[in-house]
Amino acid sequence: MQHRLRFAPSPTGQVHIGNIRTAIFNWLAARHMGGKFILRIEDTDLERSTKEAIDTLLECMEWLGLDYDEEVLYQTTQAQHHLDAAKKLMDDGNAYPLGPVTEHSPILFRIPVFCDDFPFVRTVGPASYTLAPDTAVEISGGGLKFTTLSPKGKPVENQACLAGFKDLAVLNAAGQTLFALTDDKLNDILGNGAVETVEHAASMTFTRREVFYDDMVKGHLSKPLDSMRDFIIVRSDGSPVFHLANVCDDITQNITLIVRGDDHVENTYRHLFMFQTLGAQVPSYAHLPMIVNAQGKPYSKRDGDAFVGDFRDKGVLPEALFNYLTLLGWSSGDNREKMSREELVEAFDLARAQHSPAQFDAVKMANLNGQYIAALDPAVFRERAWDFAAAYPWRESVDRAKFDAVADLMQTRTKLMTDLAAWTYFFAVPVDYDPKGVKKFLTPEPMRAALAKAAGAFDSLPENDPKAVEDALRAIETADGLSQFALNQPVRVAVCGITVGASIYETVVCIGVKECARRIRAALAATA
RNA sequence: GUCCCUAUCGUCUAGAGGCCUAGGACACCAGGUUUUCAUCCUGGUAACACGGGUUCGAAUCCCGUUGGGGAUGCCA
């Protein structure tokens, strides 16, 4: 069977790394299994879904190379399907209007009472609740209402679905049965809307059942039915709720494997019943743990730095972000970290995903990004750097050939593309000089004298000959009785304004020896 | 409150009862290479949340505690 997976985001603003990580895992799983990766845009929240948000989403996916199969399905186009499904559920007795029936009654999905044959329901065994003394139990088509005692002795109101209480018996303090949920009673309740209220109840017993499934990442998962409640699938304004729309679309799109955030685990227990009652095959599930911020907390709207677009703006390469995100909550198992897209597709396995949240580490990501930049073909790096430098005003007046030379020189020491911001000195006279550098390298008289000589030597040096620059500096050092290499840093500070950078000989050549001669004189004058 | 999920170095992780004296990566520290910085090389600091149990043997299985997250919406 060919698997069909989907990424189904709500386009409500920016694209979050948590969201895109879900997209990546879906994409990887689909490509690994040779299945389909489908994009569905859940744009039913008309208030918050905007054209801009959709464009941003599409852009982010393209930037990361997340190509999808088939046409994008916009959920708003499916409204009629959703309502038809709700109608079917109502007709089959699997959904009912809340409260007194009016045109504006919201519709609830009823966890089916007769569900013993469902493949994802099993009987756990006998169970009981002790109730708060002398309280009532209400049994209706909407479920049970009863009052228990908290450990501190306070009464606590409980509500649960009818399906949770198979073979229910309500007892009084003496242990006598006050009420038994027979098939007749059940039919009365379900068929005629009868409401049974049992007063003076002390306890109740029932057969506990649970819903269970095998999560591809979390393993065996289950939840007792008596801890579940019926839930709304159509609002009072007639619009379908997430649960309905989501499940319906998964059915119409024949989705076979759902990979999503583990905040949906609880929903899965409910959706299983919906697939079943809608007559559809239930899909497989894989729930991914969340990505959390540097404080170990879930990302919130406040964490403005977790948007995919921000990483692009900060100079992160898409392939590096893609790779780094796969490392959050997943590992190959063989110590490989920097992996190509092909390697990832080959190695990807949902069963190897982590069960607990992963913290995003911007430093490690920058390191990975540096590895990707270093590995780039120089011609590609020149191109990308040129494009990225468009953000900086100095690029306008820069000669492309010179820029390429600088790019070649600086590639291996670039971690983030934003590092290019510091390349200004290659193209313009430094406006200020690093104070520590000035104190150490431009202040001592012997240095200043030697620097002046260097300027003179540079005047008559051939361009594009780093060896000549090196020889010239060595000659001056020897003549002035300075130690070898003593002039390198002074030249760097005078020419670049800073103390760190690539080989000074290469740097001088990049800037131009004549220009450097001028800069040295200017620096000497500025620091006199 | 109830229910669900979860727990290995600071961080991402390896680990499927004996290969564990717990491995790798980032970060950090020390040394080396280097004209500065970065790269690179070598070495180092650093973790099985806690308490019970099962077993000849537990990071690994079970129970409990604690911590974290989620659900409990006419949000998705």
Side-chain angles (χ1 to χ4, degrees), chain A residues 8-10 12 42 44-45 47-49 75 98 104-108 148-152 154-160 215 218-219 221-224 226-229 231-243 245-246 260-270 287 289-292 294 296-298 324 327-338 352 354-368 370-371 374 410 412-415 419 437 441 470 473-474 477 483-493 496 498-505 507:
Chain A
S10 304
T12 54
E42 304 206 333
T44 48
D45 187 340
E47 297 279 303
R48 296 188 295 157
S49 298
Q75 192 163 62
L98 176 66
H104 300 296
S105 297
I107 310 297
L108 294 263
T148 54
L149 245 25
S150 75
K152 287 174 185 162
K154 286 182 182 164
V156 180
E157 296 283 336
N158 291 273
Q159 265 192 69
D215 193 282
K218 301 228 178 208
L221 262 29
S222 63
K223 184 181 176 74
D226 54 294
S227 69
M228 295 180 70
R229 285 164 70 164
F231 51 94
I232 292 175
I233 53 174
V234 180
R235 298 186 187 90
S236 48
D237 67 1
S239 63
V241 169
F242 162 74
H243 301 296
N246 190 259
R260 53 173 22 167
D262 70 1
D263 49 335
H264 283 293
V265 168
E266 297 277 332
N267 289 335
T268 304
Y269 299 122
R270 312 206 258 228
H287 285 96
M290 314 241 116
I291 295 178
V292 296
K297 298 290 178 191
Y324 180 69
L327 263 23
L328 249 31
W330 181 85
S331 68
S332 64
D334 55 15
N335 285 342
R336 280 139 83 209
E337 292 202 333
K338 181 169 182 288
R352 290 196 57 81
Q354 209 70 14
H355 298 188
S356 53
Q359 200 169 314
F360 187 90
D361 183 353
V363 177
K364 179 152 180 164
M365 207 211 54
N367 177 282
L368 226 210
Q371 291 184 49
M410 299 301 284
T412 57
R413 49 217 339 130
T414 303
K415 285 262 173 290
D419 293 349
F441 300 116
E470 183 172 5
L473 292 178
R474 290 301 84 82
E477 284 159 0
S483 60
Q484 207 180 23
F485 310 128
L487 222 33
N488 284 350
Q489 285 297 81
V491 169
R492 185 186 300 282
V493 173
C496 310
I498 54 175
T499 57
V500 299
S503 157
I504 188 59
Y505 320 125
T507 301

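Chain letters run A, B, ... following the sequence lines, proteins first, then strands; residues in each count from 1.
Atom CG of A:Asp361 is separated from atom C1' of B:A27 by 7 Å (rounded to the nearest Å). Whole-Å rounding puts the A:Leu149 CG to B:U2 P distance at 12 Å. One atom, CG of A:Leu473, and another, C1' of B:U36, lie 13 Å apart when rounded to the nearest Å. Here the C1' atom of nucleotide B:U36 and the CZ atom of A:Phe441 are 7 Å apart, to the nearest Å. Remark: P of B:A27 and CD of A:Gln359 are 16 Å apart, rounded to the nearest angstrom. Atom NE2 in A:His355 sits about 11 Å away from atom C1' in B:C5, given to the nearest Å. If you measure from atom NE2 of A:His287 to atom C1' of B:C5, you get 11 Å, rounded to the nearest angstrom. Computed from coordinates, the A:Gln484 CD to B:U36 P distance equals 12 Å when rounded to whole Å.
With A:Glu470 contributing its side chain and A:Tyr505 its backbone, the two residues share no donor-acceptor pair below 3.5 Å. At distances below 3.5 Å, at least one donor-acceptor pair connects side-chain atoms of A:Arg492 with backbone N or O atoms of A:Ala502. In this structure, A:Gln489 contributes its side chain and A:Thr499 its backbone to a donor-acceptor pair below 3.5 Å. Judged purely by atom type and a 3.5 angstrom limit, A:Thr414 uses its side chain to pair as donor or acceptor with the backbone of A:Met410. In this structure, the side chain of A:Glu477 engages the main chain of A:Phe485 through a donor-acceptor pair within 3.5 Å. Using a distance-only test at 3.5 Å, with no hydrogens or angles considered, no donor-acceptor pair links the side chain of A:Arg235 to the main chain of A:Pro106. Side-chain atoms of A:Arg352 do not come within 3.5 Å of backbone N or O of A:Trp330 as any donor-acceptor pair. Looking only at distances, a side-chain donor or acceptor of A:Asn158 sits under 3.5 Å from a matching main-chain atom of A:Val156.
Side-chain nitrogen and oxygen atoms of A:Gln354 include at least one within less than 4.0 Å of the OP1 or OP2 phosphate oxygen of B:A14.
If you check distances only, the side chain of A:Ser503 does reach the base of B:U35 with a donor-acceptor pair under 3.5 Å. Residue side chain A:Lys364 reaches the base of B:A25 through a donor-acceptor N/O pair under 3.5 Å, judged by distance alone.
Nearest to the side-chain atoms of A:Glu337 among the listed nucleotides B:C12, B:U35, B:A7 stands B:C12. Nearest to the side chain of A:Tyr269, among B:G24, B:A14, B:C4, sits B:C4.
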B/S/- contact track for nucleotides 67-76 of chain B, protein heavy atom under 4.0 Å: -SSBSS-BSB
Reading 5' to 3' through nucleotides 38-50 of chain B, protein heavy-atom contacts under 4.0 Å coded B for base, S for sugar-phosphate only, - for none: B------------
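With a cut-off of 3.5 Å on both Watson-Crick or G-U wobble distances, the partner of B:C50 is given as B:G64. Nucleotide B:C19 forms no Watson-Crick or G-U wobble pair with any nucleotide shown, as no partner meets the under 3.5 Å limit on both distances. Across every strand in view, B:U55 sits unpaired, with no contact that passes the Watson-Crick or G-U test at under 3.5 angstrom. Searching all strands for a Watson-Crick or G-U wobble partner of B:G1 with both distances below 3.5 Å returns B:U72. Pairing partner, B:A14: none, since no Watson-Crick or wobble contact has both distances short of 3.5 Å.
Looking at residues two or more places apart in sequence or on another chain, you find a ring pair (Phe, Tyr, Trp, His ring centres under 6.0 Å) between A:Phe360 and A:Phe311, A:Tyr324.
Taking atom P on both B:C26 and B:G69, the two are 30 Å apart, rounded to the nearest angstrom. B:A16 and B:G52 are spaced 23 Å apart, taking the C1' atom of each and rounding to whole Å. Using P as the reference atom, B:G67 and B:C56 are 35 Å apart when rounded to the nearest Å. The P atoms of B:U45 and B:G53 are separated by 33 Å, rounded to the nearest whole Å. Rounded to a whole angstrom, the distance from the P atom of B:G68 to that of B:A38 is 40 Å. For B:C41 and B:U33, the C1' atoms lie 8 Å apart once the distance is rounded to whole Å. Nucleotides B:G23 and B:A46 are separated by 12 Å at their P atoms, to the nearest Å. The gap from the P atom of B:A59 to that of B:A22 amounts to 11 Å, rounded to the nearest Å.
Two residues, A:Val156 and A:Leu328, neighbour RNA chain B, and the one matched to the more 5' nucleotide by heavy-atom proximity is A:Val156. Place A:Asn335 and A:Lys218 on RNA chain B by their nearest nucleotides, and A:Lys218 ends up nearer the 5' end.
Among the atoms of the strands shown, none is found under 4.0 Å from any heavy atom of A:Arg474. As judged by a 4.0 angstrom heavy-atom cut-off over every strand, A:Pro224 is placed among residues touching the sugar-phosphate backbone only. Nucleic acid contact class of A:Gly261 (heavy atoms, under 4.0 Å, all strands): none. The residue A:Ala502 sits close to a base: some heavy atom pair falls under 4.0 Å. Backbone-only engagement by A:Leu221 is indicated by non-hydrogen atom pairs under 4.0 Å involving sugar-phosphate atoms exclusively.
Between A:Arg336 and A:Asp334 there is a salt bridge, with a side-chain nitrogen of the basic residue lying less than 4.0 Å from a carboxylate oxygen of the acidic one.
Using modelled atom types, one finds no donor on one side chain facing an acceptor on the other under 3.5 Å when comparing A:Arg48 with A:Ser10.
Looking only at side-chain heavy atoms (C-beta outward), A:His264 and A:Asn246 stay at 4.5 Å or farther from each other.
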